[in-house]
*Asks:* 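Attaching a single structure in structure tokens format; questions to follow.
Order of the sequence lines sets the chain letters (A, B, ...), proteins ahead of strands, with each chain counted from 1.
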Protein chains: 2
Amino acid sequence: MYTIGEVAQLLGISTHTLRYYEKEKIIIPDRDENGDRRYNDSHIRWLQFVIKLKETQMPISKIKQYASLFVEGEHTTLARLGLLEEHKRYIEQQIKTLIDVDDMLERKIVAYKDFISKRAAKTPAD
Amino acid sequence: MYTIGEVAQLLGISTHTLRYYEKEKIIIPDRDENGDRRYNDSHIRWLQFVIKLKETQMPISKIKQYASLFVEGEHTTLARLGLLEEHKRYIEQQIKTLIDVDDMLERKIVAYKDFISKRAAKTPAD
DNA sequence: ATACTGATTAGAGTAAACTCTAAGTCAAGG
DNA sequence: CCTTGACTTAGAGTTTACTCTAATCAGTAT
């Protein structure tokens, strides 16, 4: 069981963000006898999943949708599957785009290096 | 030579955005005798490059920096090279992350499908 | 006792990147 | 003549995702 500060540290996010996610109903931790938030291992795993989705540009609104389907229960598995499949398609498209741009940058970088080395060769006495 | 409306259509962005990019000094088109913006092929190519950078999450502030180095002239090639190399490193890291999450989603999706098909098998008379 | 640490809340503020509105002017085409 | 589409400046509004503030309280350290 972790406090909000411990979770923040562990996952490299701020306590502000954790409270924001709770306000948005993305994660609802338990509370201890003082009313302080308590996160267990399954909360942590869910947060790690959320962070992965975020790193791949899934908007908070979609993550919220997915989280609320979870709360609704087992009859939403098909809808959840749909969301994941949709995001997977986005990711695969994004990978293609990134590879394209990576190639484009590689060519530009080579051209710049070439230009710089030629310029250097032209002014040997500088 | 293209008008702002033609460029917007061609590149799938709005005229507002093109004016905004001009305000931010990312692209400075020519003007015709009426003072209307005129974009030539090299403007178009530069805009296509900007859009590619944006698709790969380069912030407008960085694109601005790169554009202003261009305007400053040839002595900024090293700085430009640096910016491109930095963004290339970001992209390559991002590709790794996307591949990881793609795998993770694949596993989740398989698990969901498995669950759904097992549930269907349990209730053959539904 | 009191200062420090870390927790709580509601709600305000911020940054990025547009996106649009107002309130006009101007020129060409049908 | 009227519509369309361009132009201007200045500024307001929107969305996303935080990020921070203020005021308060509970437990521990000196």
*Asks:* Expressed as a whole number of angstroms, how long is the span from A:Leu18:CG to C:dG6:C1'?
*Replies:*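 For the pair A:Leu18 CG and C:dG6 C1', the rounded distance is 14 Å.
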
*Asks:* In whole Å, what is the span from the CD atom of A:Glu22 to the P atom of D:dC18?
*Replies:*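 Taking atom P of D:dC18 as the reference, CD of A:Glu22 is at 15 Å.
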
*Asks:* In whole Å, what is the span from the CD atom of B:Gln9 to the P atom of D:dT4?
*Replies:*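 For the pair B:Gln9 CD and D:dT4 P, the rounded distance is 16 Å.
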
*Asks:* Of the options C:dA7, C:dT8, D:dG27, whose atoms approach the side-chain atoms of A:Thr3 most closely?
*Replies:*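 Nucleotide nearest to A:Thr3's side chain: C:dA7.
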
*Asks:* Kindly assign one of parallel, tilted or perpendicular to the pair B:Tyr112 and A:Tyr66, based on the angle between their ring planes and the thresholds 30° and 60°.
*Replies:*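 Perpendicular: the ring planes of B:Tyr112 and A:Tyr66 meet at over 60°.
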
*Asks:* Just how far, in rounded Å, is P of C:dA7 from CZ of A:Arg31?
*Replies:*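 Interatomic distance, CZ of A:Arg31 to P of C:dA7: 12 Å.
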
*Asks:* In Å, rounded to the nearest 0.5 Å, how long is the span from CD of A:Gln93 to NZ of A:Lys88?
*Replies:*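 Taking CD in A:Gln93 and NZ in A:Lys88, the distance rounds to 13.5 Å.
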
*Asks:* Any N/O pairs under 3.5 Å between the protein and nucleotides 15-21 of chain C? List them or say none.
*Replies:*
| from | atom 1 | to | atom 2 | distance (Å) |
| --- | --- | --- | --- | --- |
| C:dA17 | OP1 | B:Ile60 | N | 3.0 |
| C:dA17 | OP2 | B:Ile60 | N | 3.4 |
| C:dC18 | OP2 | B:Tyr21 | OH | 3.1 |

*Asks:* Mapping B:Glu6 and A:Asn34 to their closest nucleotides on DNA chain D, which lands nearer the 5' end?
*Replies:*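 Closest to the 5' end, via its nearest nucleotide, is B:Glu6.
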
*Asks:* Under the criterion salt bridge (Lys or Arg N to Asp or Glu O under 4.0 Å), I'd like the reasoning laid out for B:Asp114 against B:Lys118: C-alpha separation, chi angles, the key distance, then a yes or no.
*Replies:* CA-CA 6 Å; B:Asp114 195 49; B:Lys118 273 183 186 144; 3.1 Å; yes

*Asks:* Give a yes or no on this: more than 12 heavy atoms of other residues, nucleotides or ligands lie within 6.0 Å of atom CD of A:Glu6.
*Replies:*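 Yes, CD of A:Glu6 has more than 12 neighbouring heavy atoms, counting only those of other groups under 6.0 Å.
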
*Asks:* For the residue pair B:Lys62 and B:Tyr90, would you count it as a cation-pi contact if the rule is NZ or CZ under 6.0 angstrom from the ring centre and within 45 degrees of the ring axis?
*Replies:*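 Pair B:Lys62/B:Tyr90 does not count as cation-pi.
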
*Asks:* Please give, in whole Å, the distance from C:dT5 P to A:Ile4 CD1?
*Replies:*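 So the CD1-P distance, A:Ile4 to C:dT5, works out to 19 Å.
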
*Asks:* Would you kindly give the CG-to-P distance between B:Asp36 and D:dC7, to the nearest whole Å?
*Replies:*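 Between P of D:dC7 and CG of B:Asp36: 5 Å.
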
*Asks:* Whole angstrom is fine here: how far is it from CD in A:Glu24 over to C1' in C:dG11?
*Replies:*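 Computing the A:Glu24:CD to C:dG11:C1' distance gives 14 Å.
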
*Asks:* As a quick check of understanding, evaluate salt bridge (Lys or Arg N to Asp or Glu O under 4.0 Å) for A:Lys25 and A:Glu72, giving each step before the final call.
*Replies:* CA-CA 13 Å; A:Lys25 303 197 190 68; A:Glu72 278 192 63; over 6 Å; no

*Asks:* Tell me the interatomic distance from B:Arg37, atom CZ, to C:dC26, atom P, rounded to whole angstroms.
*Replies:*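 Those two atoms, CZ and P, are 17 Å apart.
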
